[in-house]
J.: 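The structure's right below; bear with me while I get my questions together.
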There are 2 protein chains.
Amino acid sequence: MEHPAPATPELFSIAQLAEELGITHRAIRFYEAKGLIKPLRLGTTRVFGRRDRARLQLVLRGIRLGFTLAEVGEYLDLYDTDRTKRGQIRLLLDKVRERIAALEAQRADLEQALAELNDIAAQAQSALNQSALTQSNETAGTKRRAQ
Amino acid sequence: MEHPAPATPELFSIAQLAEELGITHRAIRFYEAKGLIKPLRLGTTRVFGRRDRARLQLVLRGIRLGFTLAEVGEYLDLYDTDRTKRGQIRLLLDKVRERIAALEAQRADLEQALAELNDIAAQAQSALNQSALTQSNETAGTKRRAQ
DNA sequence: GATTTGCTTGACCTTTACGTCAATCGATCG
DNA sequence: CGATCGATTGACGTAAAGGTCAAGCAAATC
């Protein structure tokens with residue numbers, strides 16, 4: 001009993017990870033081929049650690065945000081650039097700021113789309129309320145369904 | 001002088017629109033083939049009105065947000081559903097709310113990515129400041145480059 | 001009237017992001 | 001020991017989103 005069952009295990013098979021993340025093993029292998037993850041190997045079999053899992057989650061988030069895998073790769077690079085050499089840090093900082101600017105632009109698009117949809121929803125809702133009123137007027141005197 | 005030159009014209013050729021929106025005529029034709037826009041025709045030539053232009057801008061925003069053209073099409077449908085029939089409005093409202101939820105999820109992803117990048121930027125910045133201090137200490141007594 | 005300019009359709013090509021077998025290989029189960 | 005299970009590589013297929021010719025037509029220009 002030295003190690004009680006961990007809430008989240010340290011190692012994963014490709015099947016476990018695929019299941020957990022809702023993707024196929026094919027997708028995972030594809031991401032590996034693209035250099036986005038580098039799982040260890042036990043003989044010929046892939047073995048994923050928590051770090052690999054975290055990376056995969058970053059990959060999936062990037063995809064959800066509409067990035068290509070190449071862009072996701074650049075994004076991941078920002079996480080693992082060497083932070084000891086001044087020159088590297090300068091470059092990193094520039095790239096990170098570019099990315100931030102792009103994401104903020106995307107956020108602006110997103111907010112605008114949301115505002116428009118909320119507008120439509122509000123209009124639709126009030127149209128429904130209106131027609132409900134009209135109907136209840138037209139049927140005035142008729143008993144309303146209880147509850 | 002009945003009509004002073006309008007700031008933005010009422011009609012556009014495909015070339016004008018492509019130029020203005022930074023896309024190719026091929027892309028525009030492709031979107032039309034997908035049913036996202038329906039420009040008028042003068043004989044065989046496409047003629048775009050302001051409404052077409054606005055739609056195209058919506059299309060492009062959708063693409064920037066990472067949606068497929070099919071999804072963009074559904075999005076556009078939300079804009080033109082008939083708002084006179086109660087049943088339609090109900091359906092519309094449901095769909096709009098779905099879309100809103102999805103966009104809000106995307107915004108959450110976006111905010112998280114932004115937070116992480118800001119974190120990295122802050123760390124990088126402070127690392128730079130640190131190393132600047134160190135250097136200025138090591139070179140104490142040496143004249144600093146003016147300006 | 002011949003040519004250039006701008007538009008048209010049609011056909012095929014390309015990249016990205018996987019899906020879908022097929023064949024193989026090693027560990028485990030009966 | 002044969003079969004099954006989970007993993008592997010490799011090859012081919014596919015949908016989406018255009019790019020890139022090619023050939024034609026029509027109006028303006030030289």
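Residue numbering restarts at 1 for every chain, and letters A, B, ... go by the order of the sequence lines. Source: prediction; values computed, not measured. When reading the values below, keep in mind they use all heavy atoms of this one structure, side chains included, and skip hydrogens, waters and symmetry mates.
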J.: Test of understanding: with side chain to side chain donor-acceptor pair (under 3.5 Å), list the residues that count as partners of B/Arg97, not counting sequence neighbours.
T.: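 Testing B/Arg97 for side chain to side chain donor-acceptor pair (under 3.5 Å), a comparison that skips the adjacent residues, returns A/Gln125.
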J.: What is the per-nucleotide protein-contact pattern of nucleotides 10-28 of chain D, from the 5' end, where B denotes a base atom under 4.0 Å from a protein heavy atom, S denotes such proximity for sugar-phosphate atoms only, and - denotes neither?
T.: B------BBBB--------
J.: Starting from C1' on D/dT9, measure out to CD on A/Glu32 and report it in whole angstrom.
T.: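 Atom CD in A/Glu32 sits about 12 Å away from atom C1' in D/dT9.
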J.: Mind checking what makes side chain to side chain donor-acceptor pair (under 3.5 Å) contact with B/Thr44, not counting sequence neighbours?
T.: none
J.: Output all residues satisfying side chain to side chain donor-acceptor pair (under 3.5 Å) with B/Gln112, sequence neighbours left out; order by chain, then residue number.
T.: none
J.: What's the CZ-C1' distance between B/Phe48 and C/dG6, to the nearest Å?
T.: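 Atom CZ in B/Phe48 sits about 14 Å away from atom C1' in C/dG6.
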J.: Within this structure, what is the CD1-to-P distance between A/Ile28 and C/dC18, rounded to whole angstrom?
T.: 11 Å
J.: With a 3.5 Å distance limit and no angle check, can you tell me whether B/Glu19 reaches the backbone of B/Thr24 through a side-chain donor-acceptor pair?
T.: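 Absent.
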J.: Quick one: list whatever passes salt bridge (Lys or Arg N to Asp or Glu O under 4.0 Å) with B/Glu98, sequence neighbours left out.
T.: none
J.: Rounding to a whole Å, what distance do you find between A/Leu56:CG and C/dC18:C1'?
T.: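 That distance rounds to 15 Å.
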J.: For a quick test of your reading: what N or O donor-acceptor pairs under 3.5 Å do the side chains of residues 56-64 of chain A make, sequence neighbours left out?
T.:
{"residue": "A/Arg61", "atom": "NH1", "partner": "B/Glu116", "partner atom": "OE2", "Å": "3.0"}
{"residue": "A/Arg61", "atom": "NH2", "partner": "A/Tyr75", "partner atom": "OH", "Å": "2.9"}
{"residue": "A/Arg61", "atom": "NH2", "partner": "B/Glu116", "partner atom": "OE1", "Å": "2.9"}
{"residue": "A/Arg64", "atom": "NE", "partner": "B/Asp109", "partner atom": "OD2", "Å": "2.7"}
{"residue": "A/Arg64", "atom": "NH2", "partner": "B/Asp109", "partner atom": "OD1", "Å": "3.0"}
{"residue": "A/Arg64", "atom": "NH2", "partner": "B/Asp109", "partner atom": "OD2", "Å": "3.3"}

J.: Go through the structure and list residues passing side chain to side chain donor-acceptor pair (under 3.5 Å) with B/Arg26, not counting sequence neighbours.
T.: none
J.: Strictly by ring-ring contact (aromatic ring centres under 6.0 Å, His included), give each pair with a member in residues 26-74 of chain A just once, sequence neighbours left out.
T.: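 Every candidate ring-ring contact (aromatic ring centres under 6.0 Å, His included) pair involving residues 26-74 of chain A fails, so no pair, neighbours aside, qualifies.
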J.: Measure the distance from CG on B/Leu40 to C1' on C/dC7 and round it to the nearest whole Å.
T.: 16 Å
J.: Mind calculating the distance between CD (A/Glu71) and P (C/dA17) to the nearest angstrom?
T.: 9 Å
J.: Of all of residues 13-21 of chain A, which get a heavy atom below 4.0 angstrom from DNA chain C, listed by number?
T.: none
